Amino acid sequence: QVQLVESGGGLVQAGDSLRLSCAASGRTFSSSTMGWFRQAPEKDREFVASINRSGSSTYYADSVKGRFAISRDNAKAMVYLQMNNLKPEDTAIYYCAAGKISGMAIVTLRERKNVGIWGQGTQVTVSS
């Protein structure tokens with residue numbers, strides 16, 4: 001079973017960069033497809049990005065493509081989300097997520113029903 005703890009959120013200005021980290025524990029991490037979701041106030045939780053177990057393939061929501069980058073370090077059991085050129089509409093709680101099934105396709109993780117484990121979330125606020 002994987003457990004997830006996010007960190008790195010904060011208050012930044014539009015155009016700034018921020019890197020979120022997700023520390024995973026559990027022996028199944030290296031076989032898990034991982035991802036990031038976010039939830040803005042009064043909105044549904046939405047998919048942001050996913051990465052396959054080796055880190056060789058990634059998938060992004062259109063709203064963040066070209067600005068955000070997901071990566072992982074299996075040796076350290078870490079997943080990262082590098083966020084560049086942040087916009088006020090990126091303000092949300094960001095959640096790290098692990099796929100429900102080992103080796104899940106990265107596009108499959110974009111649906112919340114396919115998430116097996118959630119982190120507790122980290123707040124990102126972007127001021128204009």
Side-chain angles (χ1 to χ4, degrees):
Q1 186 80 339
V2 175
Q3 294 181 320
L4 307 172
V5 178
E6 303 94 333
S7 62
L11 172 63
V12 297
Q13 293 186 330
D16 284 351
S17 297
L18 205 58
R19 188 176 85 153
L20 304 183
S21 299
C22 172
S25 61
R27 56 188 178 90
T28 60
F29 171 78
S30 61
S31 64
S32 298
T33 300
M34 300 296 296
W36 289 92
F37 285 72
R38 66 185 182 186
Q39 187 166 16
E42 301 181 358
K43 291 189 176 181
D44 290 337
R45 193 171 299 189
E46 65 175 5
F47 170 80
V48 175
S50 58
I51 188 167
N52 69 345
R53 50 190 174 181
S54 69
S56 61
S57 295
T58 57
Y59 180 68
Y60 297 94
D62 288 343
S63 58
V64 306
K65 201 174 295 182
R67 299 188 298 123
F68 290 13
I70 187 172
S71 61
R72 68 190 294 166
D73 184 335
N74 285 342
K76 296 181 179 179
M78 296 290 293
V79 181
Y80 306 100
L81 185 68
Q82 178 66 42
M83 305 185 293
N84 299 325
N85 189 23
L86 282 160
K87 304 175 181 180
E89 51 263 42
D90 294 319
T91 295
I93 299 174
Y94 283 72
Y95 297 91
C96 184
K100 188 176 293 186
I101 299 173
S102 175
M104 177 185 293
I106 52 177
V107 296
T108 304
L109 191 56
R110 71 183 187 274
E111 297 183 62
R112 285 176 294 169
K113 66 178 182 180
N114 294 321
V115 173
I117 299 169
W118 295 98
Q120 85 288 351
T122 186
Q123 176 71 47
V124 172
T125 303
V126 184
S127 63
S128 56

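In this chain, numbering begins with 1 at the start of the sequence shown. All values reported here derive from a predicted model rather than from experimental measurement. Atoms considered below: every heavy atom in the structure, side chains included; atoms not considered: hydrogens, waters and symmetry mates.
One hydrophobic cluster, built from ILVMFWY side chains closer than 4.5 Å, holds both Leu86 and Trp36. Both Leu81 and Ile117 are part of a single hydrophobic cluster, where members link through side-chain heavy atoms under 4.5 Å apart.
Taking the side-chain contact (heavy atoms from CB on, under 4.5 Å) definition, one finds that Gln120 meets it with Val5, Glu6, sequence neighbours left out. Glu46 is linked by a salt bridge (Lys or Arg N to Asp or Glu O under 4.0 Å) to Arg38, counting only residues two or more places apart in sequence or in another chain. Residues forming a side-chain contact (heavy atoms from CB on, under 4.5 Å) with Ser128 (at least two apart in sequence, or on another chain): Pro88. Evaluation of the side-chain hydrogen bond (donor to acceptor under 3.5 Å, both in side chains) rule for Arg72 yields Asn74 as partners, not counting sequence neighbours. Applying the salt bridge (Lys or Arg N to Asp or Glu O under 4.0 Å) criterion to Glu42, with sequence neighbours excluded, gives no partner residue. For Gln3, there are no side-chain hydrogen bond (donor to acceptor under 3.5 Å, both in side chains) partners at least two apart in sequence or on another chain. Take Ser30 and apply the side-chain hydrogen bond (donor to acceptor under 3.5 Å, both in side chains) test, not counting sequence neighbours, and it matches no residue.
Looking only at distances, a side-chain donor or acceptor of Ser102 sits under 3.5 Å from a matching main-chain atom of Ser31. A donor-acceptor pair under 3.5 Å is absent between the side-chain atoms of Thr122 and the main chain of Tyr94, judged by distance alone. Listed for the Asn85 side chain is no donor-acceptor partner under 3.5 Å among the backbone atoms of Arg67.
Atom CD of Gln39 and atom CD of Gln123 lie 10.5 Å apart (nearest 0.5 Å).
Under a 4.5 Å side-chain heavy-atom cut-off, the cluster of Ile, Leu, Val, Met, Phe, Trp and Tyr residues that includes Ile101 is completed by Phe37, Phe47, Tyr59, Ile93, Tyr95, Met104, Ile106, Val107, Leu109, Val115, Trp118. The hydrophobic cluster containing Leu11, built from Ile/Leu/Val/Met/Phe/Trp/Tyr side-chain heavy atoms closer than 4.5 Å, comprises no other residue.
Under a 4.0 Å N-O distance rule, the pair Lys65/Asp62 qualifies as a salt bridge.
Contact of the Met83 side chain with the Asp90 side chain is not registered, since no non-hydrogen atoms from C-beta on lie closer than 4.5 Å. A heavy-atom distance below 4.5 Å is found between the side chains of Leu4 and Met34.
Residue pairs meeting the disulfide bond (SG atoms under 2.5 Å apart) criterion with at least one partner in residues 47-78, sequence neighbours excluded, do not occur; the list is empty. Sorted by first and then second residue, the salt bridge (Lys or Arg N to Asp or Glu O under 4.0 Å) pairs involving residues 102-128 (not counting sequence neighbours) are Glu111-Lys113.
Nearest heavy atoms, Thr91 versus Val126: OG1-N, 2.9 Å. Ala49 and Tyr60 get closest at one heavy-atom pair: CB-CD2, 3.5 Å. Residues Asn114 and Thr108 come closest through the heavy atom pair ND2-O, 2.8 Å.
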Using atom types as modelled, flag every donor-acceptor pair under 3.5 Å from a side chain in residues 13-26 to any protein atom, sequence neighbours excluded.
{"residue": "Asp16", "atom": "OD2", "partner": "Gln13", "partner atom": "N", "Å": "3.1"}
{"residue": "Ser17", "atom": "OG", "partner": "Asn84", "partner atom": "OD1", "Å": "2.9"}

